Amino acid sequence: NRDLMSNDPKQLAIAELFAKFGLFYERQREQKKPEKYTDIVSSKLLAQISLSLICRKPSVAMKNKEGEMFNINKYYSEIFDQDPKKLLLAYLVYKYCYEKRKKDDELSLFASLHIATMIWNKNSKKINDLLSALKNKLPKLNLNKEYLSSYKVIKNIVEKNKKDDSISIGHYISRLEFEILLNSSI
């Protein structure tokens with residue numbers, strides 16, 4: 001589990017970089033957060049974000065299987081063998097999408113990982129420019145156009161392919177078949 005991996009050099013490097021930008025990276029459950037931090041990013045959330053955005057497996061990430069994400073024989077290396085700056089930027093893109101959710105819109109509530117995945121993978125030049133600019137302070141992200149475009153693509157995929165009304169949108173977009181459709185549209 002994630003507590004066993006908390007002292008892995010990759011985890012320590014991520015924590016160090018996040019701290020430079022004023023974010024507390026919680027490597028293990030119930031780790032004491034110093035008072036100077038207001039934002040907490042758990043290693044579990046970052047694993048989901050990396051698995052979704054960087055590895056292009058948002059439906060797998062939605063299943064939230066900590067035992068697989070932190071298992072060296074499963075997804076751990078794929079998730080965390082990344083430049084910590086890339087992981088930080090992936091978190092910021094996800095956070096942008098998460099904060100755009102609307103309570104009265106089921107798709108926006110459940111598709112934050114999917115929307116962020118589309119933004120990340122369809123806008124590689126913008127992402128690379130943001131990565132290059134990531135020096136001493138967090139960039140202000142303006143991804144509204146990309147968010148709306150990605151939301152629209154995902155909505156169209158759901159409308160064209162979700163045939164069973166008894167299945168919730170959240171459940172449908174967590175399916176592998178949806179992930180395949182999403183990745184084919186990136």
Side-chain angles (χ1 to χ4, degrees), residues 1-58 60-62 64-66 69-70 72 75-103 108-151:
N1 71 24
R2 74 183 181 128
D3 293 343
L4 295 175
M5 301 305 287
S6 65
N7 289 319
D8 177 49
K10 294 171 195 151
Q11 295 296 316
L12 298 172
I14 295 166
E16 185 179 325
L17 178 77
F18 276 47
K20 284 182 187 175
F21 288 94
L23 301 168
F24 180 70
Y25 182 63
E26 184 185 61
R27 299 184 331 268
Q28 60 189 24
R29 272 182 273 280
E30 300 183 35
Q31 184 178 351
K32 182 141 172 60
K33 173 187 74 90
E35 288 186 29
K36 67 180 181 175
Y37 296 105
T38 53
D39 282 358
I40 300 173
V41 182
S42 74
S43 57
K44 184 177 179 181
L45 175 62
L46 190 64
Q48 286 179 285
I49 292 168
S50 177
L51 189 59
S52 182
L53 278 66
I54 299 169
C55 306
R56 291 176 70 161
K57 296 177 181 172
V60 176
M62 273 186 80
N64 202 14
K65 293 185 176 176
E66 183 178 315
M69 291 188 292
F70 288 88
I72 204 84
Y75 296 115
Y76 185 80
S77 295
E78 187 177 1
I79 290 169
F80 291 108
D81 281 353
Q82 308 290 338
D83 178 346
K85 280 185 168 183
K86 191 174 189 180
L87 293 169
L88 174 61
L89 187 57
Y91 164 73
L92 295 174
V93 170
Y94 167 76
K95 183 179 176 190
Y96 180 91
C97 295
Y98 184 82
E99 289 174 349
K100 301 249 333 152
R101 296 176 316 147
K102 298 179 182 132
K103 287 183 172 65
S108 79
L109 283 173
F110 290 104
S112 297
L113 278 171
H114 294 79
I115 294 168
T117 299
M118 283 202 78
I119 290 171
W120 185 268
N121 289 286
K122 284 189 91 154
N123 300 283
S124 58
K125 176 165 179 11
K126 189 169 193 169
I127 295 300
N128 286 331
D129 290 347
L130 286 166
L131 260 175
S132 296
L134 196 58
K135 302 284 186 230
N136 297 325
K137 66 179 196 168
L138 294 176
K140 290 280 187 213
L141 298 184
N142 182 4
L143 300 170
N144 198 50
K145 184 177 91 182
E146 293 85 353
Y147 180 91
L148 293 172
S149 170
S150 298
Y151 176 89

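Position 1 is the first residue of the sequence, and the numbers go up from there. Everything numeric here is computed off the predicted structure, so don't read it as measured data.
The side-chain heavy atoms of Ser43 and Phe70, taken from C-beta on, include a pair separated by under 4.5 Å. Between Leu87 and Ile54, some side-chain heavy-atom pair lies under the 4.5 Å cut-off. For the pair Arg27/Asn7, a side-chain contact is recorded, criterion being any heavy-atom separation below 4.5 Å from C-beta on. Proximity of Ser6 to Gln11: side-chain heavy atoms (C-beta onward) are nowhere separated by under 4.5 Å. Taking 4.5 Å as the limit, some side-chain heavy atom of Leu23 sits within range of a side-chain heavy atom of Leu88. Considering only heavy atoms from C-beta on, Phe80 comes within 4.5 Å of Ile14 through its side chain. In this structure, Asp39 and Lys95 have side chains that are in contact, with non-hydrogen atoms separated by less than 4.5 Å. Using a 4.5 Å heavy-atom threshold, the side chains of Lys100 and Tyr151 count as separate.
Here the CD1-CG distance, from Ile119 to Leu141, works out to 9.5 Å after rounding to the nearest 0.5 Å. For the atom pair CZ (Arg56) and CG (Asn121), the distance works out to 4.5 Å, reported to the nearest 0.5 Å. Expressed to the nearest 0.5 Å, how far CG of Leu17 lies from CG of Asp83 amounts to 8.0 Å. For the atom pair CG (Asn123) and CE (Met118), the distance works out to 9.0 Å, reported to the nearest 0.5 Å. To the nearest 0.5 Å, atom OG of residue Ser150 and atom NZ of residue Lys145 are 11.0 Å apart. Here Leu138 contributes atom CG and Leu130 contributes atom CG; the two are 11.5 Å apart, rounded to the nearest 0.5 Å.
Summarising the local packing, CD of Glu16 is surrounded by 12 or fewer heavy atoms from other residues, nucleotides or ligands at distances under 6.0 Å. A 6.0 Å sphere centred on OH of Tyr76 holds more than 12 heavy atoms belonging to other residues, nucleotides or ligands.
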Quiz item: Given Tyr94 and Gln48, is the side chain to side chain contact (heavy atoms under 4.5 Å, CB included) satisfied, shown in steps?
Solution: CA-CA 10 Å; Tyr94 167 76; Gln48 286 179 285; over 6 Å; no
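In terms of heavy-atom proximity, Pro58 sits nearest to Ser52 at CB-OG, 3.1 Å. Listed here is the closest heavy atom pair of Ser108 and Lys102: OG-N, 2.9 Å. Ala90 approaches Leu53 most closely through the heavy-atom pair O-CD2, 3.5 Å. Considering every non-hydrogen atom in both Ser77 and Ile72, the closest pair reads OG-CD1, 4.1 Å. Smallest separation of non-hydrogen atoms from Gln28 and Glu26: O-CG, 3.1 Å.
Within the 3.5 Å criterion, the main-chain N or O of Leu113 finds a donor-acceptor partner in the side chain of Thr117. The closest donor-acceptor contact from the side chain of Tyr91 to the backbone of Ser50 lies at 3.5 Å or more, if one exists at all.
Counting only residues at least two apart or in different chains, salt bridge (charged side-chain N to carboxylate O under 4.0 Å, His left out) contacts with residues 114-126 comprise Lys125-Asp129, Lys126-Glu146. Screening residues 109-148 for ring pair (Phe, Tyr, Trp, His ring centres under 6.0 Å) gives His114-Phe178 as the qualifying pairs, with residues at least two apart or on separate chains.
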